[in-house]
Amino acid sequence: METLEGNQIHVIKPVLPKLNNLFEYAVSEENGCWLFHPSWHMCIYKRMFESENKILTKEGVIHFLELYETKILPFSPEFSEFIIGPLMDALSESSLYSRSPGQPIGSCSPLGLKLQKFLVTYISLLPGDIKSNFLLKFIRKMTSRHWCAVPILFLSKALANVPKYKALGIDGLLALRDVIHCTMITHQILLRGAAQCYLLQTAMNLLDVEKVSLSDVSTFLMSLRQEESLGRGTSLWTELCDWLRVNESYFKPSPMCGSIGLHKTSLNAYVKSLIQEYVKSSAWETGENCFMPDWFEAKLVSLMVLLAVDVEGMKTQYSGKQRTENVLRIFLDPLLDVLMKFGTNAYMPLLKTDRCLQLLLKLLNTCRLKGSSAQDDEVFTVLQNFVMSTTESISEFILRRLTMNELNSVSDLDRCHLYLMVLTELINLHLKVGWKRGNPIWRVISLLKNASIQHLQETDSGQEPTLANQIQRVVSMAALAMVCEAIDQKPELQLDSLHAGPLESFLSSLQLNQTLQKPHAEEQSSYAHPSECTSVLEESSSSQGWGKIVAQYIHDQWVCLSFLLKKYHALIPSTGSAILEPFLPAVQMPIRTLQSALEALTVLSSDQVLPVFHCLKVLVPKLLTSSESLCMESFDMAWKIISSLSNTQLIFWPNLKAFVQFVFDNKVLTIAAKIKGQAYFKIKEIMYKIIEMSAIKTGVFNTLISYCCQSWIVSASNVSQGSLSSAKNYSELILEACIFGTVFRRDQRLVQDVQTFIENLGHDCAANIVMENTKREDYYVRICAIKFLCLLDGSNMSHKLFMEDLAIKLLDKDEFVSKSKKRYYVNSLQHRVKIRVWQTLLVLFPRLDQNFLNGIIDRIFQAGFTNNQASIKYFIEWIIILILHKFPQFLPKFWDCFSYGEENLKTSICTFLAVLSHLDVVTQNIPEKKLILKQALIVVLQWCFNHNFSVRLYALVALKKLWTVCKVLSVEEFDALTPVIESSLHQVESMHGAGNAKKNWQRIQEHFFFATFHPLKDYCLETIFYILPRLSGLIEDEWITIDKFTRFTDVPLDAGFQWYLSQTQLSKLKPGDWSQQDIGTNLVEADNQAEWTDVQKKIIPWNNRVPDLDLELLFQDRAARLGKSISRLIVVASLIDKPTNLGGLCRTCEVFGASALVVGSLQCISDKQFQHLSVSAEQWLPLVEVKPPQLIDYLQQKKTEGYTIIGVEQTAKSLDLTQYCFPEKSLLLLGNEREGIPANLIQQLDVCVEIPQQGIIRSLNVHVSGALLIWEYTRQQLLSHGDGKP
């Protein structure tokens, strides 16, 4: 517990294995019971779980979850309570589920796996009577708080993997239902869908079916969202059907089955009784103005019917269509009988008709298979035939209801919506099997259209409008809108030719945005009939929402007008000039229509503007030239609506798509660019606003770039010259797309990681099948732009100009980023943007000709001199190699790069030396190679003797590769250079010892860029966007696998698709940068050790009692005593980072005559802060360089020489400085300023010495600590060898 007070993970982690010992000592080996209460252990874990340091919390949780991996602990009620209490509270923290370093994207969370393993093991070990109680409490605990998407997912997954056991009854089922409701609050749709799948699996595994009825199960299934998890045709649906098949005879009898005399449960009997009860009219279902019933019961019945049919299909190995038809008919006979009477029975109760139509719709919607084609599904085919047999009856009923003034109250508008949905579904079914002119639905649509027009043309005779009349007008307009949408989506339904018929003439003359006068409340009350179940109060209160009804009426007007404008777009005059006698006013007077559209945008709510946007898409291209200001006004108003919608998921995406389609229509872009007026700049302004919004709302830019690229591809293919003129004027859009991608916060990255993990499960998780992948991730923006660029043709002039313009803009962007921030962190946004710039330039390179490259080659070489991250340099080096290979004419300019002043070059010369190492590729097409090789050798030899170690290494690698080429060619002219080159290479190859120089020479030769990478053979999209970013240490966010390119189908694959994939060994290499290999090499090897013999143990000052010691020493004549003598003390400071501490130690060591000071790098002596404190002591004291990774070897070597290794650290076994006697041959190891001595080095010590403290502050500065021990060593040595006394 004292250690935990430190709250420092590097101190605490090595102590955790000791907890295992505590558990072993706490359990009796003889009878396996607790020797002392487990709450003592729980206190330690609770302290970790409640720590502010989330890393410590995670370590504590993982350690607790690993308890049962190696031992079996006896059952304790307190242990179970601890799991359900503090452990589950700790598990609610999302950040605990992050991936481990080095784990690939899409891997399961390590903590999630451990949680699953722990829960499975723990529950399997519980006694039977306790198991049920524990599981119920565990599930109830999951309902006690609002969980984030990630923790609830992994808890549900762990539960789903618990082995089958009859543990839960009705209480457990209700608790699981409550957990499902908890998952609904998260916005992460895929994660909540996956959680629902796991919770259903939990129910199937743990439910005791004898304690629940089929009615309970069906109610539970209704808590799942079918559009997110339980879709027909998924593996989960099949699993559920199998579970029902196995258990159907064991369920507790349902109350419904009991009432009809069924004592033995049967799924078929239950479903039959469900339908009979559903279609039966209740005695109170009279009157015509009742509210429409809720959809819940229809959803439940349809779900159970289809489950029962599929269960029946499982029972026979070879299920035939005839059997499916028989089973389905048995179930649906009561429904079909009622539906067949719709057209003839005028007195059928209204609620009964509502319920039957709701069930019909839900059956059709639920029956559709997810993830495969419905044509192969016997059940859907049979159901479709049944429904089509009732078409005439249903359509006649709907026609009567919609046209005969039977819908006359506000509540009837919901019925109108239901009828129109059913009618649309019937139209779709008939179109699927083939449309015939004698079809009953054809006649109904025609009559509905004519009756609706007639109702709308009727004018009130100067009297106040009645509610019934106004409702009928709303119904008629909605019916017309449905007819127009059906005709628009299904050309087969065209009732008239292109000649304007009554429908078109009526719609074109319609007074747009016409509102409906609100009826007076008095009139409504007089209209209400005492026998109707709708009260006067209901009608009057409903009329308070009259504005919503009017908005729907206007919305439907614009749906109709959208159909009209699409059909007759060719008749719209582009000048906007008035036609004297227009026969289609709305079409032929577009300015007036556009003004009405702007008015509609101000009137309609944001969820009803979609048809107005569709109309604007047709109108704006026609009027942009003549009425630019009006069109710009439409842009502004539409954008305000979109930006206000950013948090409304359901309506945001359709509206954004429609907005993009009218503002960024290819015709609009072309006209705006041509006239270069205000609209052109307004469009660009909106473009940047969309990109800005994408940083907050992922997927917005995807919609824009996908639409533009698709329209540009189509326009380019339709024009004989393949014109890209409009794209050229908006090349900034492609530029921004090529470099797009935000840097996500840690919590956002965690959600993305878990989503990728779920997606990788594929068909094993039903949520992946049910929900369509929206492809809204940021990388799809870049994929879209890159695939678009791949389709361009370098031989086409407009394509060529577009690519050249983009290349210049990309170089400008790179230079801008370099100037704006001289230094930037690895994987920062600046780093990523520069990477993306050079990746795009590599894609463009094959289509850039010599003339163009001649203008930008200096800028590319200049980029080589810029201070860039290593990963960026690889791309720059690669493109230089490709340029020189294709155009050797640029070699003179390349040689000039080696002639810059020393100050300008510094270490950036390594870029050009790396290019030289691939000179064999550069000279591949050059017949006369001698001169180039000679020039290269002369250049490289100069840099082999550079003072900078990295430069020398790069030069030697280049020299070795060049010399190999020369020897193959056997050029006599190089004989004079042979001795120099051979001796240089021999010297570096035969370096002695195991120092850094030799290791780095081996590593740089093995590095992928020099050993495996081939600039020509590896030139493909996979290397550019996946392999090279992975090998160069870029964060995984920047790795775009090739399957993501193929998965993105909005833009087609280009003809040369084979160049997408890598054909070489490069893809099999593991990442590793030679220059970074020795940075911090496993100083924390403690992770791999089960238990250390000694660990850090920080002092709690007020818990210690340090004896008073008289430490005054009579040591007055210091200089006389020390003289020039050197002691046998070595001070090792390799772990110390700060130059001030090293400088102070250097001075102290020199003053007290230490034999040597060991540092991590000798470069520290040139630091001004070091020199300020050392005051030239480094000139009089031997300094030795030992890097931290080499410390273990160094300490072991010193041990063999007789040195005692002494650590200056507070550990569990450390000795008091006042009581320790230093041997003459002592080596002092000092720890790091923040983390002290790592656990793996503590194991190398012979002894740890700590300085007694009496104050409150926990530790001393490392220089001060070192100085105290150096002095104490010196004092003891002086006393043992000299005459003085202490």
Side-chain angles (χ1 to χ4, degrees), residues 838 841-865 872-900 905 908-944 951 953-971 973-974 977 981 985 1004-1005 1007-1020 1023-1024 1028 1059 1064 1066:
W838 289 100
L841 284 168
L842 268 167
V843 171
L844 290 174
F845 168 73
R847 282 155 284 188
L848 303 177
D849 61 22
Q850 186 183 342
N851 289 335
F852 176 69
L853 284 169
N854 198 42
I856 64 166
I857 190 70
D858 290 334
R859 297 178 69 179
I860 292 173
F861 285 147
Q862 189 56 45
F865 289 112
I872 300 170
K873 288 182 178 181
Y874 299 140
F875 286 104
I876 297 172
E877 290 158 11
W878 190 3
I879 204 165
I880 291 174
I881 294 165
L882 292 175
I883 290 171
L884 296 178
H885 168 261
K886 192 172 181 181
F887 305 108
Q889 303 91 315
F890 294 121
L891 273 169
K893 287 196 173 188
F894 175 69
W895 299 129
D896 291 344
C897 293
F898 292 94
S899 308
Y900 286 8
L905 288 170
S908 61
I909 196 65
C910 295
T911 296
F912 300 96
L913 290 169
V915 172
L916 271 184
S917 67
H918 290 281
L919 198 69
D920 56 331
V921 175
V922 172
T923 59
Q924 203 173 60
N925 297 331
I926 301 172
E928 187 53 53
K929 299 179 173 64
K930 291 179 186 176
L931 287 174
I932 296 171
L933 285 169
K934 186 175 182 181
Q935 176 75 36
L937 285 170
I938 293 167
V939 166
V940 168
L941 280 168
Q942 293 171 0
W943 293 98
C944 285
V951 173
L953 274 182
Y954 273 88
L956 285 164
V957 166
L959 180 65
K960 185 176 179 181
K961 296 193 80 175
L962 284 170
W963 193 237
T964 305
V965 176
C966 292
K967 285 198 284 190
V968 170
L969 292 174
S970 304
V971 184
E973 296 173 28
F974 300 154
L977 295 171
I981 294 170
L985 292 174
I1004 195 172
Q1005 289 182 96
H1007 187 259
F1008 77 88
F1009 196 80
F1010 303 108
T1012 316
F1013 174 70
H1014 193 285
L1016 300 180
K1017 292 177 183 175
D1018 283 310
Y1019 182 74
C1020 64
T1023 309
I1024 296 170
L1028 207 56
W1059 81 279
T1064 68
L1066 196 66

Trainee: Quick check for you: to the nearest 0.5 Å, what is the distance between T1023 atom OG1 and L1066 atom CG?
Mentor: 6.0 Å

Trainee: Side-chain contact, heavy-atom cut-off 4.5 Å: F861 with D896?
Mentor: no

Trainee: Hey, does L884 have a side-chain heavy atom less than 4.5 Å from the side chain of T923?
Mentor: no

Trainee: Which heavy atom of I876 sits nearest to which heavy atom of A863, and what is that distance?
Mentor: CD1-O, 3.7 Å

Trainee: Look only at the side chain of N854 and the backbone of Q850, and say whether a donor-acceptor pair between them is shorter than 3.5 Å.
Mentor: no

Trainee: Decide yes or no for F894 and I857: does some side-chain heavy atom of the first lie under 4.5 Å from some side-chain heavy atom of the second?
Mentor: no

Trainee: Checking side chain to side chain contact (heavy atoms under 4.5 Å, CB included) between L919 and each of V965, I932, I881, which is the one that passes?
Mentor: I932

Trainee: Identify the two heavy atoms, one from K886 and one from P846, that lie closest to each other, and give their separation to 0.1 Å.
Mentor: NZ-O, 3.2 Å

Trainee: Which is it for L842 and L882 under the side chain to side chain contact (heavy atoms under 4.5 Å, CB included) test, yes or no, and what are the steps along the way?
Mentor: CA-CA 9 Å; L842 268 167; L882 292 175; 3.6 Å; yes

Trainee: For L913 and V951, which heavy atoms make the closest approach, and how far apart are they?
Mentor: CD1-O, 3.8 Å

Trainee: What distance separates F1013 CZ from L1028 CG, expressed to the nearest 0.5 Å?
Mentor: 6.5 Å

Trainee: Do L959 and W943 make a side-chain contact, defined as non-hydrogen atoms from C-beta onward lying under 4.5 Å apart?
Mentor: no

Trainee: Are I926 and L891 close enough that some pair of their side-chain heavy atoms sits under 4.5 Å apart?
Mentor: yes

Trainee: Let me confirm one number: the CH2-CG distance from W878 to L1016, rounded to the nearest 0.5 Å.
Mentor: 10.0 Å

Trainee: So does V843 get a backbone contact from the side chain of R847, meaning a donor-acceptor N/O pair under 3.5 Å?
Mentor: yes

Trainee: If the threshold is 4.0 Å, N to carboxylate O, is there a salt bridge linking K961 and D920?
Mentor: no

Trainee: Show your working on side chain to side chain contact (heavy atoms under 4.5 Å, CB included) between L956 and K960 and close with a plain yes or no.
Mentor: CA-CA 6 Å; L956 285 164; K960 185 176 179 181; over 6 Å; no

Trainee: Can you find a pair of side-chain heavy atoms, one from L916 and one from F898, that are under 4.5 Å apart?
Mentor: yes

Trainee: Given N851, which of L848, L853, D849 fulfils the side chain to side chain contact (heavy atoms under 4.5 Å, CB included) condition?
Mentor: D849

Trainee: Once rounded to the nearest 0.5 Å, what's the spacing between atom CD1 of I860 and atom CD1 of I856?
Mentor: 4.0 Å

Trainee: Would you call the rings of Y874 and F1009 parallel, tilted or perpendicular, where under 30° means parallel and over 60° means perpendicular?
Mentor: parallel

Trainee: Could you walk me through whether F865 and T911 pass side chain to side chain contact (heavy atoms under 4.5 Å, CB included), step by step?
Mentor: CA-CA 8 Å; F865 289 112; T911 296; over 6 Å; no

Trainee: Once rounded to the nearest 0.5 Å, what's the spacing between atom NZ of K930 and atom SG of C966?
Mentor: 11.0 Å

Trainee: Would F1010 and Y954 count as a close aromatic pair, with their ring centres under 6.0 Å?
Mentor: yes

Trainee: F875 versus L841: any side-chain heavy-atom pair under 4.5 Å?
Mentor: no

Trainee: With the side chain counted from C-beta on, respond yes when V922 and P888 share a heavy-atom pair under 4.5 Å apart, and no when they do not.
Mentor: no

Trainee: For residues V921 and H885, report the shortest heavy-atom separation together with the two atoms involved.
Mentor: O-CD2, 2.9 Å

Trainee: Nearest 0.5 angstrom please: H1007 NE2 to L953 CG, how far?
Mentor: 12.5 Å

